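Just so you know, these numbers come straight off a predicted model, no measurement behind them. Per chain, numbering begins at 1; letters A, B, ... match sequence-line order.
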Protein chains: 2
Amino acid sequence: MNASKRSEQFPTADHDHQTCVTHALQEAEDFCLQQGLRLTELRHRVLELIWANHQPVGAYDLLEQLTHEGRKAAPPTIYRSLDFLLENGLIHRITSLNAYVGCNHPGLNHAAQFFICEACGQAAELDDAKIESVIARDAKRLGFTVEKRTVEVAGICAHCKQGPHP
Amino acid sequence: MNASKRSEQFPTADHDHQTCVTHALQEAEDFCLQQGLRLTELRHRVLELIWANHQPVGAYDLLEQLTHEGRKAAPPTIYRSLDFLLENGLIHRITSLNAYVGCNHPGLNHAAQFFICEACGQAAELDDAKIESVIARDAKRLGFTVEKRTVEVAGICAHCKQGPHP
DNA sequence: TGCTATATTGTTATATTATAACGTAACATC
DNA sequence: GATGTTACGTTATAATATAACAATATAGCA
């Protein structure tokens with residue numbers, strides 16, 4: 001497997017992260033072009049920062065990174081960009097962290113699950129149909145119509161169990 | 001089924017909520033006695049308020065309810081009680097709502113799933129072993145050690161689909 | 001092109017949720 | 001009752017998020 005491929009697992013320490021960021025941005029640009037969405041300079045930069053951080057990152061962290069590069073930015077600036085990226089499936093919000101992370105499958109309006117390492121801070125995005133189907137079964141039993149699923153599992157990733165943070 | 005029994009489903013409009021609160025409190029008292037935990041007057045009252053609200057309730061809502069009954073209370077007052085109740089499994093925190101709800105199975109250190117109705121605000125607590133096992137399987141595949149699970153499903157409950165909020 | 005409607009961003013203020021830090025009171029044990 | 005521990009009171013502040021309105025940029029059309 002190519003080391004730069006963004007995949008459903010925790011990234012290794014030596015993967016080519018720059019390529020992985022570039023690829024994600026390219027995919028987002030293509031997607032927005034297709035969909036007639038305006039990936040403005042600000043939105044593009046926010047998405048880039050999210051990917052560059054390489055792990056779930058808070059809104060105010062992003063805000064600080066923006067202002068440190070000279071841009072005028074207040075909380076609404078960042079939250080509006082996050083809203084755009086969330087609505088169009090380019091990022092996910094991790095509720096239990098109040099943090100945001102790039103989506104591995106932009107465009108697909110999928111329900112993702114996250115495995116979040118409490119040691120290194122990285123999160124793996126899964127899209128396990130089995131979890132979805134079990135939730136759907138429970139919902140059916142309850143007569144419940146599902147709108148939104150939040151599945152977040154915190155713990156320690158394989159890399160961190162073996163040694164210091166990768 | 002007894003209308004006052006707290007169960008793994010959405011409560012009906014006509015269930016005997018007072019009995020259900022009383023029962024929960026009695027169970028908590030018994031549990032704390034057994035475990036040598038101090039269910040102080042404040043903690044008891046906070047737990048009672050949580051149950052009485054009958055749906056996930058925010059920390060500042062609880063705080064207001066406390067102060068309205070004449071008690072001196074600041075945020076740390078309520079958060080400390082919430083921490084005690086959380087640590088001892090008497091309540092759950094619903095991450096996606098920043099709200100707290102009574103636990104249906106105090107004592108069991110179980111991982112719960114919540115189905116949250118966006119119309120009436122009520123939440124049903126499930127304890128579906130199947131969800132747990134699927135998550136465990138994914139974790140094993142990732143080499144991930146699970147510490148904490150968050151499974152929260154938002155949508156519309158059966159009562160609210162049929163008519164106005166129950 | 002220039003006009004106009006809409007979408008985006010800037011700006012100020014504030015809401016909401018949660019914790020830090022330190023002092024006081026209650027309680028439990030000896 | 002002295003003493004150590006736990007719980008609570010109090011003040012201040014951190015962290016996350018949104019409301020409201022002004023200014024600017026963009027898109028689509030006359």
Side-chain angles (χ1 to χ4, degrees), chain A residues 28-29 32-33 35-50 53 56-88 90-101 121 150 152, chain B residues 28-29 32-33 35-50 53 55-88 90-101 116 121 150 152:
Chain A
E29 287 163 20
C32 288
L33 199 62
Q35 304 289 313
L37 299 169
R38 290 176 56 194
L39 189 60
T40 63
E41 194 211 333
L42 176 65
R43 289 163 177 173
H44 188 278
R45 184 64 185 136
V46 171
L47 182 58
E48 193 171 18
L49 284 174
I50 288 172
N53 272 275
V57 56
Y60 279 74
D61 279 351
L62 291 168
L63 185 55
E64 197 184 356
Q65 294 176 39
L66 276 183
T67 55
H68 276 186
E69 58 191 41
R71 188 186 279 271
K72 291 287 182 67
T77 307
I78 194 76
Y79 280 106
R80 283 190 288 230
S81 285
L82 291 173
D83 285 346
F84 170 87
L85 297 169
L86 284 169
E87 278 166 14
N88 295 295
L90 295 169
I91 62 172
H92 291 283
R93 178 172 193 273
I94 299 190
T95 305
S96 56
L97 299 177
N98 293 332
Y100 305 83
V101 69
T150 302
E152 297 169 10
Chain B
E29 287 164 19
C32 288
L33 199 62
Q35 304 288 313
L37 299 169
R38 288 175 57 193
L39 188 60
T40 63
E41 194 210 335
L42 176 65
R43 290 164 176 174
H44 188 278
R45 184 63 187 139
V46 170
L47 182 58
E48 193 170 19
L49 284 175
I50 290 173
N53 273 275
Q55 58 181 247
V57 56
Y60 280 73
D61 278 353
L62 290 168
L63 185 55
E64 197 184 357
Q65 293 175 40
L66 277 182
T67 55
H68 276 187
E69 56 191 40
R71 188 185 282 269
K72 292 286 182 68
T77 308
I78 194 77
Y79 281 105
R80 283 190 286 229
S81 284
L82 291 172
D83 285 346
F84 171 86
L85 297 169
L86 285 169
E87 277 166 17
N88 295 295
L90 296 169
I91 62 173
H92 290 283
R93 179 171 191 273
I94 298 191
T95 305
S96 56
L97 299 177
N98 293 330
Y100 305 82
V101 68
I116 304 154
T150 302
E152 297 170 11

Inset, instruction - Indicate yes or no for a side-chain donor-acceptor contact from T67(B) to the backbone of E64(B) under 3.5 Å, with no hydrogens or angles considered. - result: yes
Once you round to the nearest 0.5 Å, how far does [atom1] of [X] lie from [atom2] of [Y]?
X: T40(B); Y: F84(B); atom1: OG1; atom2: CZ; value: 7.0 Å
X: R93(B); Y: L82(B); atom1: CZ; atom2: CG; value: 9.5 Å
X: L90(A); Y: S81(A); atom1: CG; atom2: OG; value: 11.5 Å

Inset, instruction - Find which nucleotide of DNA chain C each of K72(A) and R80(B) is nearest to by heavy atoms, and output the residue with the more 5' nucleotide. - result: K72(A)
Legend entry - Toward the 5' end of DNA chain C, by each residue's nearest nucleotide, A59(B) or E41(A): E41(A)
Whole Å only: how far is the [atom1] atom of [X] from the [atom2] atom of [N]?
X: D83(B); N: dT6(D); atom1: CG; atom2: P; answer: 16 Å
X: L62(B); N: dA18(C); atom1: CG; atom2: C1'; answer: 14 Å
X: L97(B); N: dT17(C); atom1: CG; atom2: P; answer: 10 Å
X: L33(A); N: dA27(D); atom1: CG; atom2: P; answer: 12 Å
X: D61(A); N: dA15(D); atom1: CG; atom2: P; answer: 10 Å
X: L39(B); N: dC27(C); atom1: CG; atom2: C1'; answer: 16 Å
X: Y79(B); N: dT10(D); atom1: OH; atom2: P; answer: 19 Å
X: L42(B); N: dA25(C); atom1: CG; atom2: P; answer: 17 Å

Inset, instruction - Give a yes/no on whether any side-chain N or O of Y100(A) is located under 4.0 angstrom from OP1 or OP2 of dT16(D). - result: no
Legend entry - Short side-chain N/O contact to dA15(D) OP1/OP2 from N98(A), under 4.0 Å: no
Legend entry - Test applied, side chain to side chain contact (heavy atoms under 4.5 Å, CB included); reference residue, V57(B); option that passes from I91(B), L62(B), L49(B): L62(B)
Legend entry - Residue met sooner reading DNA chain D from 5', once R38(A) and P76(A) are mapped to nucleotides: P76(A)
Legend entry - Upstream residue (5' side of DNA chain D) when Y60(B) and T40(B) are each assigned their closest nucleotide: T40(B)
Inset, instruction - Spell out yes or no: do the side chain of R71(B) and the base of dG9(D) have one donor N/O and one acceptor N/O closer than 3.5 Å? - result: no
